[in-house]
Amino acid sequence: MTTLPNLDTLLSTPLHTGPAHPPRILLLYGSTRARSFSRLLVEEAARLLRHFGADTRIFNPSGLPLPDDAPNDHPKVQELLELMQWSEGQVWCSPERHGSMSAVFKAQLDWVPLALGAVRPTQGKTLAVMQVSGGSQSFNTVNQLRVLGRWMRMFTIPNQSSVPKAFMEFDETDRMKPSALYDRVVDVMEELVKFTLLLRERPDLVDRYSERKESADELSQRVNQRSI
């Protein structure tokens, strides 16, 4: 279902309508359950992102092997890495398990190296973090996801979403019910698209002096080697 019955008319206009390609957003979730609430929240987020003019892809973690338990050319690993490189922004959503992100979610990111050849697959990309909980509201997982996003050199937007008692927030058709929690998800996705468009147009904002210097040194070494 692609309709958004909970949206107010204040959000009737897409944020991206220009000639450039739509913002590319990858969404990850952290459970392989048949009725995964982190997946349902991600699917709701993807509908909103498409409403705002983004192109979305959702990675299904089912079948992804444990990190280092299979070769890098495993089909699911390659699918994940290709999506990482394709994306300009990402949404991470994990259930809270024992006060932290799920192993299913962490395993996905543990497959992603800091660099793929000369390309850093996550650096400078935008990130929105969300979590679902079976009990009272918590921010343990989103806080951990923020730390992880920083480690992977991503630009994590200020807003975030934490959905408590997630089993009560979705109806029998697996759509999120109207509530302040839903409105917060709208806020997060709107903000993500805005920041993604901003940073895409200004890549110098996430460009680093030390990396420019390293690249210049590597280029100089290659030139010197050719001249020998």
Next on the checklist: Show the nearest heavy-atom pair for residues Ala54 and Val193, with the distance to one decimal.
Outcome noted: CB-CG2, 4.4 Å
Checklist entry - Looking at Leu83 and Phe59, what are the two nearest heavy atoms and their distance? => result CD1-CD1, 3.9 Å
Item to check | Shortest non-hydrogen contact from Ala128 toward Met189 | outcome: CB-CE, 4.3 Å
Checklist entry - Would you say the side chain of Val91 lies within less than 4.5 Å of the side chain of Leu49, judging by non-hydrogen atoms? => result yes
Checklist entry - What residues, two or more places apart in sequence or in another chain, satisfy salt bridge (Lys or Arg N to Asp or Glu O under 4.0 Å) together with Lys194? => result Glu190
Checklist entry - Hey, quick one: are Met101 and Val104 part of the same hydrophobic cluster, counting side-chain heavy atoms closer than 4.5 Å, chains of contacts allowed? => result no
Item to check | Pairs flagged by salt bridge (charged side-chain N to carboxylate O under 4.0 Å, His left out) wherever residues 27-45 is involved - sequence neighbours left out | outcome: Arg35-Asp174, Arg39-Glu43, Glu44-Arg47, Glu44-Arg175
Checklist entry - Quick one: salt bridge (charged side-chain N to carboxylate O under 4.0 Å, His left out) pairs with a partner in residues 56-72, sequence neighbours left out? => result Asp55-Arg57
Item to check | Side-chain heavy atoms of Ser161 within contact of Asp187, under 4.5 Å | outcome: no
Checklist entry - Is it true that a side-chain atom of Gln108 and a backbone atom of Pro61 form a donor plus acceptor pair closer than 3.5 Å? => result no
Next on the checklist: Applying a strict under-4.5 Å side-chain criterion to I, L, V, M, F, W and Y, I'd like to know whether Leu148 and Leu66 cluster together.
Outcome noted: no
Checklist entry - Taking C-beta and beyond as the side chain, do Met84 and Leu109 meet within less than 4.5 Å on heavy atoms? => result yes
Next on the checklist: If you compare all heavy atoms of Thr141 against all heavy atoms of Pro95, which two are closest, and at what distance to 0.1 Å?
Outcome noted: OG1-O, 4.1 Å
Checklist entry - Which pairs pass salt bridge (charged side-chain N to carboxylate O under 4.0 Å, His left out) with one or both residues in residues 75-96, sequence neighbours excluded? => result Lys76-Glu79, Glu88-Arg200
Checklist entry - Excluding sequence neighbours, so at least two apart, what forms salt bridge (Lys or Arg N to Asp or Glu O under 4.0 Å) with Glu191? => result none
Next on the checklist: More than 12 heavy atoms of other residues, nucleotides or ligands under 6.0 Å from OH of Tyr209: yes or no?
Outcome noted: no
Without placing hydrogens or testing angles, list every side-chain donor-acceptor pair under 3.5 Å for residues 151-159, not counting sequence neighbours.
{"residue": "Arg153", "atom": "NH1", "partner": "Gln123", "partner atom": "OE1", "Å": "3.3"}
{"residue": "Arg153", "atom": "NH1", "partner": "Glu211", "partner atom": "OE2", "Å": "2.7"}

Checklist entry - Does the side chain of Val132 reach to within under 4.5 Å of the side chain of Tyr29, using non-hydrogen atoms? => result no
Checklist entry - Does a side-chain heavy-atom distance below 4.5 Å link Asn72 with Leu81? => result no
Checklist entry - So how far is it from Thr122 OG1 to Leu127 CG, rounded to the nearest 0.5 Å? => result 9.5 Å
Checklist entry - What salt bridge (charged side-chain N to carboxylate O under 4.0 Å, His left out) pairs are there with at least one residue in residues 102-113, not counting sequence neighbours? => result Lys106-Asp110
Checklist outcome for this item: By side chain to side chain contact (heavy atoms under 4.5 Å, CB included), Ser179 pairs with (sequence neighbours left out) Glu169, Leu181, Tyr182
Item to check | Pairwise distance CG(Leu48) to CE(Met176) - rounded to 0.5 angstrom | outcome: 9.5 Å
Item to check | Value rounded to 0.5 Å, distance of OG in Ser38 from CG in Leu27 | outcome: 11.5 Å
Checklist outcome for this item: Heavy atoms of Leu41 and Cys93 approach each other most closely as CD2-SG, 3.8 Å
Next on the checklist: As a quick check of understanding, evaluate side-chain contact (heavy atoms from CB on, under 4.5 Å) for Ser31 and Phe37, giving each step before the final call.
Outcome noted: CA-CA 8 Å; Ser31 172; Phe37 291 104; over 6 Å; no
Checklist entry - Distance from Thr56 atom OG1 to Leu26 atom CG, nearest 0.5 Å? => result 9.5 Å
Checklist entry - Is there a donor-acceptor contact under 3.5 Å from the side chain of Ser94 to the main chain of Ser102? => result yes
Checklist entry - Is there any ring pair (Phe, Tyr, Trp, His ring centres under 6.0 Å) pair reaching into residues 89-111, and which pairs are they, with sequence neighbours excluded? => result Trp92-Phe105
Next on the checklist: Closer than 3.5 angstrom, by distance alone: can the side chain of Gln131 be matched with the main-chain N or O of Val142 as a donor-acceptor pair?
Outcome noted: yes
Item to check | Leu64 vs Val77 side-chain heavy atoms within contact, under 4.5 Å | outcome: yes
Item to check | side chain to side chain donor-acceptor pair (under 3.5 Å) involving Arg24 - partner list, sequence neighbours excluded | outcome: none
Next on the checklist: Before you tell me yes or no, could you show the steps for Thr173 and Asp171 under side-chain hydrogen bond (donor to acceptor under 3.5 Å, both in side chains), namely the whole-Å CA-CA distance, both residues' side-chain angles and the distance that decides it to 0.1 Å?
Outcome noted: CA-CA 5 Å; Thr173 65; Asp171 62 23; 2.7 Å; yes
Checklist entry - Counting only heavy atoms not in Lys165, do more than 12 sit closer than 6.0 Å to its NZ atom? => result no
Checklist outcome for this item: Taken in chain and number order and not counting sequence neighbours, the residues that satisfy side chain to side chain donor-acceptor pair (under 3.5 Å) with Thr126 are Thr196
Checklist entry - Run the side-chain contact (heavy atoms from CB on, under 4.5 Å) check on Ile25 and Leu192 step by step: do they pass? => result CA-CA 9 Å; Ile25 308 296; Leu192 177 64; 4.0 Å; yes
Next on the checklist: Applying side chain to side chain donor-acceptor pair (under 3.5 Å), can you list everything that pairs with Asn140, at least two apart in sequence or on another chain?
Outcome noted: Ser138
Item to check | Heavy-atom closest pair, residues Ala45 and Met130 | outcome: CB-CE, 4.1 Å
Checklist entry - Regarding Gln160 and Arg184, is there a side-chain donor-to-acceptor distance under 3.5 Å anywhere? => result no
